[in-house]
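Okay, so here's the structure we're looking at.
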Protein chains: 2
Amino acid sequence: MRNPAELTDAFRAKGWKVTPQRQLLFRLLHDTDRHPTADALFVEASGQMPGISLRTVYQTLNDLVAMDELHVVNIGGSTRFDPNTAAHQHAVCSACGTIRDVYLSGVDGLGVAEVDDFHPQRTRITVTGVCGRCADLTPTRRPTGSHHKENQQ
Amino acid sequence: MRNPAELTDAFRAKGWKVTPQRQLLFRLLHDTDRHPTADALFVEASGQMPGISLRTVYQTLNDLVAMDELHVVNIGGSTRFDPNTAAHQHAVCSACGTIRDVYLSGVDGLGVAEVDDFHPQRTRITVTGVCGRCADLTPTRRPTGSHHKENQQ
DNA sequence: CGCCTAATCTGCACGAGTTGCGAACTCGCA
DNA sequence: TGCGAGTTCGCAACTCGTGCAGATTAGGCG
Ligand SMILES: [Mn+2]
Ligand SMILES: [Mn+2]
Ligand SMILES: [Zn+2]
Ligand SMILES: [Zn+2]
């Protein structure tokens, strides 16, 4: 996602207004590697702007997605939003739900172009597994067993 | 997913009953390359067994997923279920929502093992784009524009 | 073959996540 | 400074999936 100043210009260029609510979300989303849900952002935003509506958060996120400034990540449960629009992949911990950006090698070698009768636009790669912290918490056990859902990003 | 007879044995081996509802779903799911939603299966099943409950369809699907006989596919919207448990990837049409199994080359070359402080279990690859049929229906246009949601599998 | 009971099915209520809607508000231009 | 298109907000509505409890049944046993 571009920085708040650039987004301000981009919104104005479309004849859209740049409200305090939008500016706040621009700031919260810029230059992070997290993958928050709409509600997580709503909670964060509420800290700095009490009274902001969850509806507005959804609205702005949808706008940013439509502008391709934000990507959506579907891993089940509520939608995650990804401000990192550079080509990258995701490592998802099945125990705690954390999503981490990873940059796998060998992605170019995928035979995506050879899918016939299909016009590819984007390739998404998600590696599910267990993160180091969860592996430490449940040593020598099935890591999916105790599902502690805290700290996911 | 294994065939109905094998699933029958697997269920009995766990002390679970093999009801007509379950047998029907075993049949509907076996040896297909579709990726139906719970509701789509419910509609199909209702044709052959009027009165079957959507709740039962969900229940059975969840059981099969827990047994790893069925995989879930998250592409936004309702959960899709995948009876093809062999290693493969998906091509998703952004216009009609159809999910097609594809077998990309070069998957082994992905540097999945090198993700550090992470224990990988499974890698999911999804190519989004526009299928041939949708490309034909909207020639020389942005294919996402008119969203005709029929016929997705 | 009929009994018994744990397992299952069904219908409904409920919860989470997201969107539609309309009245009130406000950014930004004239 | 005033105007109006665009925006926000609150709430109702909607979709998808699950919890619950009473009715039903598969399938082991005598
Ligand atoms: Mn990311
Ligand atoms: Mn598949
Ligand atoms: Zn973890
Ligand atoms: Zn299509």
Side-chain angles (χ1 to χ4, degrees), chain A residues 4-5 7-26 28 35-46 48-67 70 72-81 97 147 149 152, chain B residues 4-5 7-26 28 35-43 45-46 48-67 70-81 97 147 149 152:
Chain A
L7 289 174
T8 296
D9 292 347
F11 269 61
R12 293 238 169 89
K14 297 181 129 225
W16 294 1
K17 295 179 179 175
V18 178
T19 64
Q21 290 88 343
R22 285 177 173 173
Q23 294 179 52
L24 172 54
L25 289 167
F26 292 172
L28 291 180
H35 304 82
T37 61
D39 193 67
L41 280 166
F42 169 64
V43 170
E44 250 186 288
S46 296
Q48 299 191 34
M49 184 185 284
I52 190 175
S53 163
L54 175 58
R55 191 68 186 80
T56 299
V57 174
Y58 271 109
Q59 212 119 264
T60 301
L61 290 174
N62 288 343
D63 290 341
L64 288 168
V65 169
M67 294 171 70
L70 215 49
V72 304
V73 180
N74 293 305
I75 56 165
S78 40
T79 303
R80 308 301 201 88
F81 295 87
H147 33 71
K149 290 275 179 183
Q152 60 238 45
Chain B
L7 289 173
T8 295
D9 293 345
F11 269 61
R12 294 239 170 88
K14 297 179 134 237
W16 294 1
K17 296 179 179 174
V18 178
T19 62
Q21 291 88 347
R22 284 179 174 171
Q23 295 179 51
L24 172 55
L25 289 167
F26 293 171
L28 290 180
H35 304 81
T37 62
D39 193 67
L41 280 166
F42 169 65
V43 170
S46 296
Q48 301 193 32
M49 185 184 285
I52 189 174
S53 163
L54 175 57
R55 190 69 184 80
T56 298
V57 174
Y58 272 110
Q59 212 118 263
T60 302
L61 290 175
N62 288 344
D63 290 341
L64 288 167
V65 169
M67 294 171 69
L70 215 52
H71 287 173
V72 303
V73 181
N74 293 305
I75 57 166
S78 39
T79 303
R80 309 300 202 90
F81 295 87
H147 32 69
K149 291 275 181 183
Q152 62 239 44

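Source: prediction; values computed, not measured. Sequence lines set the chain letters: A, B, ... in the order given, protein chains first and strands last, and positions in each chain run from 1.
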_Using whole Å, what does the distance between atom C1' of nucleotide C/dT8 and atom NZ of B/K14 come to?_
16 Å
*Could you tell me whether a side-chain N or O of A/R80 sits under 3.5 Å from a main-chain N or O of A/V73, the two making a donor and an acceptor?*
no
Give every pair of a protein N or O atom and an N or O atom of nucleotides 26-30 of chain C that lie under 3.5 Å apart, one pair per line with the distance.
residue: C/dT26; atom: O2; partner: A/K17; partner atom: NZ; Å: 3.4
residue: C/dC27; atom: O2; partner: A/K17; partner atom: NZ; Å: 2.7
residue: C/dG28; atom: OP1; partner: A/R12; partner atom: NE; Å: 2.8
residue: C/dG28; atom: OP1; partner: A/R12; partner atom: NH2; Å: 3.0
residue: C/dG28; atom: OP1; partner: A/V18; partner atom: N; Å: 3.0
residue: C/dG28; atom: OP2; partner: A/R12; partner atom: NH2; Å: 3.2

*Interatomic distance where CG belongs to A/L61 and P belongs to C/dT19 [whole Å]*: 10 Å
*Find the distance A/R55:CZ to C/dG22:C1' and express it as a whole number of Å.*
12 Å
*Check the distance between C/dA7's P and B/Q21's CD and give it to me in whole angstrom.*
17 Å
*asked:* So B/L54, base contact, sugar-phosphate only, or nothing? Heavy-atom distance under 4.0 Å.
replied: nothing
_Taking every non-hydrogen atom, the tightest pair across B/L54 and B/A38_ = CD1-O, 4.2 Å
*Could you walk me through whether A/Q21 and A/T60 pass the side-chain contact (heavy atoms from CB on, under 4.5 Å) test, one step at a time?*
CA-CA 9 Å; A/Q21 290 88 343; A/T60 301; 5.7 Å; no
*asked:* At 4.0 Å (heavy atoms only), tell me whether A/G51 reaches a base, stays on the sugar-phosphate, or touches nothing.
replied: sugar-phosphate
*Mind calculating the distance between CD (B/Q59) and P (C/dC9) to the nearest angstrom?*
7 Å
*asked:* Here's a test of your reading of the structure: between B/S53 and B/G15, which maps to the more 5' nucleotide of DNA chain C?
replied: B/G15
_Tell me if a side-chain donor or acceptor on A/R22 pairs with a main-chain N or O of A/K17 at a distance below 3.5 Å._
yes
*May I ask you to evaluate whether A/Y58 reaches the phosphate of C/dT18, defined as a side-chain N or O under 4.0 Å from OP1 or OP2?*
yes
_A/L41 CG to C/dT18 P, straight-line distance once rounded to whole Å_ = 12 Å
_Steps toward side-chain contact (heavy atoms from CB on, under 4.5 Å) verdict (B/M67, B/K14)_ = CA-CA 11 Å; B/M67 294 171 69; B/K14 297 179 134 237; 4.2 Å; yes
*asked:* Mind checking if A/N62 touches a base, just sugar-phosphate, or nothing, with heavy atoms under 4.0 Å?
replied: sugar-phosphate
_A/T79/A/N74 under side-chain contact (heavy atoms from CB on, under 4.5 Å): CA gap, chis, key distance, verdict_ = CA-CA 6 Å; A/T79 303; A/N74 293 305; 4.3 Å; yes
*Check the pair A/L61 / A/L70 against side-chain contact (heavy atoms from CB on, under 4.5 Å), numbers first and verdict last.*
CA-CA 8 Å; A/L61 290 174; A/L70 215 49; 3.5 Å; yes
*If you look at every heavy atom in B/F11 and B/D63, which pair is closest and at what distance?*
CZ-CB, 4.5 Å
*In this structure, which one of A/R55, A/Q48, A/M49 forms a side chain to side chain contact (heavy atoms under 4.5 Å, CB included) with A/I52?*
A/M49
*Going 5' to 3' on DNA chain D, which nucleotide is the first and which the last to come under 4.0 Å of a heavy atom in chain B?*
D/dC16 to D/dG27
*Tell me what A/T79 touches on the nucleic acid: a base, only sugar-phosphate, or nothing, going by heavy atoms under 4.0 Å.*
sugar-phosphate
*asked:* I need the CD1-P distance between A/I52 and C/dC25, as an integer number of Å.
replied: 18 Å
